[in-house]
Each structure stands twice: as structure tokens, then as C-alpha cells.
Amino acid sequence: MKAHLVLFLLMILVTFTSNVNTLSINPKSNSSIPQLTQQKRPDNETIYRVSKQLCWGCIAESLEFLFRHNLVRAAKWELPLMWDFQLEQYARWWAGERKADCKLEHSFPEDGFKLGENIYWGSGSAWTPSDAVRAWADEEKYYTYATNTCVPGQMCGHYTQIVWKSTRRIGCARVVCDDGDVFMTCNYDPVGNYVGERPY
């Protein structure tokens, strides 16, 4: 709440300051009516970058992760997931660990999963939570429900984790790595993808 209040007050201050800076008095005019001067506006990329820095504590990305997951689950008539701040904290820790190298690596050893986990890497800094969830959900085309298998040579475990029937909670994080690429991770509890069980 404090972060939102600080952000709101900062936006008011910036708006007020920019409005004051765009006004000037024309000394040749007998009128004391302020005249607008032309000032260069920042481009969209700059606005996006600055707003992301100011909005580090905002919940917009969390809501985007949650909403996109629940859309995929709704297509299979599965209950919506709830956001879990402990899972988010864990995901933020792992994203922080990957910030230096952006390596597409899980936080658990291969056979030691205590939580479900989906990870995503994208080249460049513009990738969003929607992009990650879309990539994971697109694996549905490789999953065959009748045989409960993936097409040989393809992955579908990210998709099945999203729609796993007993999973109830989610926490995710997104980080722009030092090299300018994006790493995203989501953790799920209870864990899914049990061998021999169908996701829904």
C-alpha cells in the first residue's frame, strides 16, 4: 500500500512539475496569461522503461500471470488458481539468481521437485507474463489426453502443470537479466505432473 501511495504522489509531483515547466510568460505581451511552449515529449520506450522502474512493487505483472493462467484453466473447467505471496517470494529469489546469466535452469534438481515450476527465457527485454504463459499453454497441441502422453520429441509438461487439477496456488516473477534478456519463473502448489496421472 505504501509503495502505491508513494507512486501516486510521485506521479502527481511529476505531472505538476511538467505542467509548470511547459508554461512561460511572454514578456512582450501585456497579458499575464501564460503561453504554452513546445517541449519534447519522451518516446514510448522511455515511458515504458521509467514506469517499470517506478512500478517495481506494483502488482500488475502478478495479476497478468494469474489472469493468463486462469484463462487456460477455465478452458478445461478447472478451478482458478489463487496468488500465493510465499510462492512469489520464492520465484523472485530464483529470478534474482538468474539475473546475472539468464540461464534457462530450474531451481530444483531434476528429480527433486517440491513445487511445480515453469521457466521461460526471451531474447530482449519486452517479453511479458502473457508471452510466457502463452508459450507454455501452446504445448497443448503436443499433448494427447487419450494416451496421456506428449508427441515424441516435444514438451507438454509446462501446459499440463498449468491445468493440473489439484494445483491451487501460484507465484511468479519476471526479471530483465544483465544481458538485457528476460527470465520468468512460476511456481505451483501442490505440484503437478505425476507420472501416470492425467492433468484434468
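Source: prediction; values computed, not measured. Numbering of residues begins at 1 and proceeds along the displayed sequence.
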(request) Output yes when Arg98 and Glu105 qualify as a salt bridge under the 4.0 Å nitrogen-oxygen rule, no when they do not. (result) yes

(request) Of all the heavy-atom pairs spanning Asn148 and Gly196, show the shortest one and how long it is. (result) ND2-C, 3.9 Å

(message) Between the side chains of Asp178 and Lys99, is the shortest nitrogen-to-carboxylate-oxygen separation below 4.0 Å, so that they form an ion pair?
(response) yes

(request) Run the salt-bridge test on Glu64 and Arg68 with the 4.0 Å N-O cut-off and return the result as yes or no. (result) no

(message) To check you understand the geometry: which heavy-atom pair defines the closest contact between Cys150 and Gly157, and what is its length?
(response) SG-N, 4.5 Å

(message) Can you tell whether the side chains of Glu139 and Arg134 come within less than 4.0 Å, N to carboxylate O?
(response) no

(message) Taking Phe85 as the starting point, is it possible to reach Ile170 by hopping between hydrophobic residues whose side chains are less than 4.5 Å apart?
(response) yes

(message) So, taking the atom named OG in Ser123 and the one named CG in Asp181, what distance separates them when rounded to the nearest 0.5 Å?
(response) 4.5 Å

(request) Check the angle between the aromatic planes of Tyr145 and Tyr143 and answer parallel, tilted or perpendicular using the 30° and 60° thresholds. (result) perpendicular

(request) Flag this pair as yes if the NZ/CZ of Arg174 is under 6.0 angstrom from the six-membered ring centre of Phe183 and inside a 45 degree cone about the axis; otherwise no. (result) no

(message) How long is the straight-line distance from CD of Glu88 back to OG of Ser62, given to the nearest 0.5 Å?
(response) 4.0 Å

(request) Identify the heavy atoms of Cys102 and Trp121 that sit nearest to each other, and give their distance. (result) O-CD1, 3.4 Å

(request) Would you check if there is a donor-acceptor pair between the side chains of Tyr200 and Thr160 at a distance under 3.5 Å? (result) no

(message) Checking side-chain polar atoms at under 3.5 Å, does Tyr120 have a donor or acceptor matched by the opposite partner on Asp131?
(response) no

(request) Ignoring hydrogens and angles, tell me if any N or O in the side chain of Trp94 forms a donor-acceptor pair with the backbone of Tyr90 under 3.5 Å. (result) no

(message) Exactly one of Asp189, Ile162, Leu66, Val72 should register a side chain to side chain contact (heavy atoms under 4.5 Å, CB included) with Leu81. Which one does?
(response) Leu66

(request) Answer yes or no: is there a donor N or O on one side and an acceptor on the other, between the side chain of Arg169 and the main chain of Tyr188, under 3.5 Å? (result) no

(message) Ring centres under 6.0 Å, that's the criterion: do Tyr159 and Tyr142 meet it?
(response) no

(request) Could you tell me whether the side chain of Asn70 and the main chain of Pro80 form a donor-acceptor pair under 3.5 Å? (result) no

(request) Examine the side chains of Asn187 and Glu117 and answer whether a donor and an acceptor come within less than 3.5 Å of each other. (result) yes

(request) Specify the closest pair of heavy atoms between Gln161 and Gly116, including all atoms of both residues, with the distance to one decimal. (result) OE1-CA, 3.4 Å

(request) Could you walk me through whether Glu140 and Lys76 pass the salt bridge (charged side-chain N to carboxylate O under 4.0 Å, His left out) test, one step at a time? (result) CA-CA 11 Å; Glu140 180 181 10; Lys76 297 301 175 190; 3.1 Å; yes

(message) For the CE atom of Met82 and the CG atom of Leu87, what is their distance to the nearest 0.5 Å?
(response) 12.5 Å

(message) With a 6.0 Å cut-off (strictly less than), is the heavy-atom count around CD of Gln86, excluding the residue itself, greater than 12?
(response) no

(request) Indicate, with yes or no, if Val163 and Trp83 share a hydrophobic cluster defined by side-chain heavy-atom contacts under 4.5 Å among Ile, Leu, Val, Met, Phe, Trp and Tyr. (result) yes

